[in-house]
Amino acid sequence: MTIRTRFAPSPTGNVHIGNMRAAIFNWLYARHTGGQFLLRVEDTDRERSTPEAIETLLQAMDWLGLDVDEEPLYQSTRMDAHLAAAEQLLADGHAYKEDKGGIGQGECIIFRMPEEDMVFEDEIKGTLTKKAADTQDFVIVRSNGTPVFHLANVLDDIEQRVTHVIRGDDHIENTYRHIALYKALGAPVPKFAHLPMIINAQGKPYSKRDGDAFVGDFKEKGFLGETLFNYLALLGWSPGDDREVMTRDEMIAAFELTSCKSSPAQVDLRKLLWMNGEYIRAMKPEEFAEMAKAEVSAFAKATADKPNLDAVLALLQPRIKLPSEIGPAAAFFFSDDYEYDEKAVQKKLLKEGSFQTLEKIAEIFQGLETFDEATVDKALHDFVEESGLGFGAVMPPVRIAVSGQQSGPDLAPVLSILGKEKVLERIQKTIDRFGA
RNA sequence: GGCCCCAUCGUUCAGCGGUUAGGACUCCAGGUUUUCAUCCUGGCAACACGGGUUCGAUUCCCGUUGGGGUCACCA
């Protein structure tokens with residue numbers, strides 16, 4: 001039997017990472033078993049299920065690489081089928097009508113829970129049981145004639161021939177109802193796997209009400225889809241060994257429902273950030289350049305004598321964890337208008353001998369035939385040695401002079417990329433400005 | 001409150017009766033002969049508690065405590 005899993009979100013606003021994590025596990029399991037991964041959009045709440053929300057959802061899935069094997073099923077198209085099933089349930093004596101009062105008017109259809117105790121084998125949690133006395137009949141069709149979640153959800157899972165329902169463990173209580181529904185409908189009961197919740201920094205599960213942790217937020221902040229996928233996959237699951245940064249294929253190969261944990265996990269933004277850095281460092285230079293394009297577009301093309309962009313990016317790639325760090329780090333390469341970091345100036349530049357040093361360095365650079373990295377590096381080292389000043393007295397002033405910063409990539413390549421002329425110009429400018 | 005689920009370093013993932021309880025993130029120290037980042041080395045840091053079962057429990061069972069879920073004509 002081909003395994004079929006599904007992701008069944010209601011497109012009400014943004015999808016939070018708890019939901020998306022469930023989607024990832026469904027996808028991973030389908031891919032691992034060579035099965036199919038399906039999408040069902042539970043858009044029966046017309047108020048909140050807007051086309052924009054659906055578009056946002058689809059984009060988030062695409063960003064994470066969660067490809068589906070069949071056209072999405074839109075639940076709103078299934079209302080007739082849902083109601084027909086409710087009528088059948090009524091006819092079979094599995095449901096009855098009642099006026100429960102309340103705001104509604106008239107009768108709703110209520111499903112009759114079986115008298116027996118219930119038990120099922122959860123793929124993750126193990127044996128789960130419920131006494132008949134602890135279950136209650138529940139509404140499947142509202143008095144206004146619309147189907148309720150439980151009915152629609154089960155019917156659509158039957159329609160999509162879902163074999164494994166993998167969802168958050170906040171659905172455990174629902175599962176007893178759903179199993180009863182499957183049986184009353186005469187449909188095979190799928191396997192269930194209940195994932196532990198992902199909790200926020202306050203220890204509370206993410207929910208629709210949470211104002212943060214939307215998938216799109218992570219994209220906007222510059223996290224890569226691959227990073228979030230990998231990180232989320234590791235929340236509640238592990239390959240059983242010490243691997244953490246893994247390729248998609250490795251995760252697919254290693255994924256098992258039985259190796260999922262059943263205790264909740266908290267998102268650690270610091271580790272996510274670290275992992276993003278890992279993915280960025282692993283990028284091919286052209287991929288990194290593509291990503292950086294937007295970050296440097298503001299200044300990289302405007303300058304006629306701009307330095308080699310590829311060289312700058314090569315210097316930056318190992319140093320950043322988010323694309324947003326590229327712009328600020330690259331700016332001084334392209335603009336002479338860089339700001340001088342006040343603290344750096346105070347601490348490292350306005351020191352005894354700094355300006356004499358800068359003048360000497362300028363003199364030495366002036367005499368260099370070529371200005372490639374190795375030459376510049378040698379010149380710097382030779383000067384340090386001959387002058388007896390030490391690196392700490394030489395490098396910082398030079399760095400501040402050409403970049404305004406007290407930290408950054410290795411100095412020699414920075415100088416080489418800027419070019420002799422620019423470097424001399426900037427050293428002179430710095431002396432004029434602060435050395436008087 | 002009833003019912004249900006959960007419980008290893010601050011976080012995360014290992015451990016599935018006998019281990020110096022391991023890896024990763026974070027943090028700290030040192031190194032890679034300028035800084036920051038990377039990289040390398042080392043370090044700090046955990047089995048919630050109490051009973052059992054057992055020659056022996058982090059591991060199995062029960063209870064306590066703590067956390068969470070669920071009890072809708074929401075999904």
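Reminder, nothing fancy here: chain letters follow the sequence lines and each chain counts from 1. Bear in mind the structure is a predicted one, so any value in this text is a computation, not a measurement.
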query = Does the base of B/rC5 carry an N or O that pairs as donor and acceptor with the side chain of A/S262 under 3.5 Å?
reply = no
query = In terms of side-chain heavy atoms, does A/S259 have a donor or acceptor partner in A/W237 at a distance below 3.5 Å?
reply = yes
task = For B/rC39 versus B/rU19, give the span between their C1' atoms, rounded off to a whole number of Å.
result = 31 Å
Where A/H32 and A/E256 come nearest, the two heavy atoms and their spacing = NE2-OE2, 3.1 Å
task = Write down the distance separating the C1' atoms in B/rU58 and B/rG22, rounded off to the nearest Å.
result = 13 Å
ask   = At under 4.0 Å, does any side-chain N or O of A/K100 touch on OP1 or OP2 of B/rC73?
value = yes
query = On a whole-Å scale, what distance lies between the P atoms belonging to B/rC49 and B/rU41?
reply = 34 Å
inquiry  = What's the gap between B/rC44 and B/rA29 when it is taken at their P atoms, as a whole Å value?
reply    = 15 Å
message = For the P atoms, the ones on B/rG10 and on B/rC61, what distance do you get once it is rounded to whole angstrom?
response = 25 Å
message = In terms of relative ring orientation, are A/F111 and A/F138 parallel, tilted or perpendicular, with 30° and 60° separating the classes?
response = tilted
key: Strand partner of B/rG2, provided both Watson-Crick or wobble distances fall under 3.5 Å   = B/rU70
task = Scan residues 236-248 of chain A for pairs that pass salt bridge (charged side-chain N to carboxylate O under 4.0 Å, His left out), counting only residues two or more places apart or in two chains.
result = A/E226-A/R248, A/D241-A/R243, A/E244-A/K271
query = What pairs meet the salt bridge (charged side-chain N to carboxylate O under 4.0 Å, His left out) rule with one or both residues in residues 404-419 of chain A, with sequence neighbours excluded?
reply = none
Considering only distance and modelled atom types, tabulate donor-acceptor pairs under 3.5 Å from the side chains of residues 50-61 of chain A, sequence neighbours left out.
{"from": "A/T50", "atom 1": "OG1", "to": "A/E52", "atom 2": "OE1", "distance (Å)": "3.4"}
{"from": "A/T50", "atom 1": "OG1", "to": "A/A53", "atom 2": "N", "distance (Å)": "3.0"}
{"from": "A/E55", "atom 1": "OE2", "to": "A/Q59", "atom 2": "NE2", "distance (Å)": "3.3"}
{"from": "A/T56", "atom 1": "OG1", "to": "A/E52", "atom 2": "O", "distance (Å)": "2.9"}

message = When the P atoms of B/rA46 and B/rU12 are compared, how many Å lie between them, rounded to an integer?
response = 16 Å
RNA chain B contacts made by residues 172-182 of chain A, counting heavy atoms under 4.0 Å = A/E173, A/N174
task = For A/V148 and for A/I199, find the nucleotide of RNA chain B with the closest heavy atom, then tell me which residue's nucleotide is more 5'.
result = A/I199
inquiry  = Measure NZ/A/K261 against P/B/rU8 and give the value in whole Å, please.
reply    = 6 Å
Cut-off 3.5 Å, no hydrogens considered: what does the side-chain donor-acceptor table look like for residues 86-96 of chain A, sequence neighbours left out?
{"from": "A/Q88", "atom 1": "NE2", "to": "A/D92", "atom 2": "OD1", "distance (Å)": "3.0"}
{"from": "A/Q88", "atom 1": "NE2", "to": "A/D92", "atom 2": "OD2", "distance (Å)": "3.4"}
{"from": "A/Y96", "atom 1": "OH", "to": "A/D137", "atom 2": "OD2", "distance (Å)": "2.8"}

Polar atom pairs (N or O), protein with nucleotides 25-30 of chain B, under 3.5 Å:
{"from": "B/rC25", "atom 1": "O2'", "to": "A/K271", "atom 2": "N", "distance (Å)": "3.3"}
{"from": "B/rU26", "atom 1": "O2'", "to": "A/R270", "atom 2": "NH1", "distance (Å)": "2.8"}

request  = May I ask you to say what A/L411 touches in the nucleic acid, namely base, sugar-phosphate or nothing, with a heavy-atom cut-off under 4.0 Å?
outcome  = base
ask   = How far, in whole Å, is B/rC25 from B/rG67 if one measures between their P atoms?
value = 31 Å
note = residues 380-401 of chain A vs salt bridge (charged side-chain N to carboxylate O under 4.0 Å, His left out), sequence neighbours excluded, gives A/K378-A/D382
ask   = Quick one: is B/rA14 close enough that its OP1 or OP2 comes under 4.0 Å of any side-chain N or O from A/S238?
value = yes
Spacing of A/H171 atom NE2 relative to B/rG68 atom P, expressed in whole Å = 19 Å
message = Distance check needed: B/rC13 C1' versus A/M275 CE, whole Å only.
response = 11 Å
inquiry  = In whole Å, I'd like the distance from the CD atom of A/Q406 to the P atom of B/rA37.
reply    = 12 Å
message = For a quick check of understanding: with a heavy-atom distance under 4.0 Å over all strands, which category does A/P239 fall into, base, sugar-phosphate or nothing?
response = nothing
inquiry  = Using a 4.0 Å heavy-atom cut-off, does A/G277 contact any base of the nucleic acid, only the sugar-phosphate backbone, or nothing at all?
reply    = nothing
key: Partners passing side chain to side chain contact (heavy atoms under 4.5 Å, CB included) against A/E115 (at least two apart in sequence or in another chain)   = none
message = Regarding A/R243, tell me which of base, sugar-phosphate or nothing describes its non-hydrogen contacts under 4.0 Å with the strands shown.
response = nothing
Non-neighbouring partners of A/P318 that pass side chain to side chain contact (heavy atoms under 4.5 Å, CB included), sequence neighbours left out = A/R281
query = Does A/K130 or A/F149 map to a spot on RNA chain B nearer the 5' end, using the closest nucleotide for each?
reply = A/K130
Residues forming a side chain to side chain contact (heavy atoms under 4.5 Å, CB included) with A/T127, sequence neighbours excluded = A/V119, A/E121, A/T129
ask   = Could you give the CE-to-P distance, from A/M251 to B/rC13, as a whole number of Å?
value = 15 Å
query = Contact class for A/Q317 vs. all strands (heavy atom < 4.0 Å): base, sugar-phosphate, or nothing?
reply = nothing
request  = Could you give the distance separating B/rU8 and B/rG23 at their C1' atoms, to the nearest angstrom?
outcome  = 13 Å
task = Sorted by first residue and then second, give each salt bridge (charged side-chain N to carboxylate O under 4.0 Å, His left out) pair with at least one member in residues 5-14 of chain A; sequence neighbours left out.
result = A/R6-A/D157
message = What's A/D410 touching, base or sugar-phosphate or nothing? Going by heavy atoms closer than 4.0 Å.
response = base
query = Can you find a side chain N or O atom of A/R281 that sits less than 4.0 Å from OP1 or OP2 on B/rC39?
reply = yes
request  = Could you tell me the separation between the CG atom of A/L235 and the C1' atom of B/rU11, rounded to a whole number of Å?
outcome  = 10 Å
task = Verify whether one side chain among A/D134 and A/Y176 offers a donor that lies under 3.5 Å from an acceptor in the other.
result = no
message = Using whole Å, what does the distance between atom C1' of nucleotide B/rC3 and atom CG of A/D170 come to?
response = 16 Å
message = Whether A/R21 engages the ring of A/F25 as a cation-pi pair (distance to the six-membered ring centre under 6.0 angstrom, angle to the ring normal within 45°) should be assessed.
response = yes
task = Measure from CZ on A/F138 to P on B/rC3 and round the result to the nearest Å.
result = 21 Å
Members of residues 378-405 of chain A that approach RNA chain B, where some heavy atom sits under 4.0 Å away = A/F391, A/M395, A/R399
query = For B/rA48, which nucleotide in any strand shown is its Watson-Crick or wobble partner with both distances under 3.5 Å?
reply = B/rU64
ask   = With a non-hydrogen cut-off below 4.0 angstrom, is A/H194 in contact with a base, only sugar-phosphate, or nothing?
value = nothing
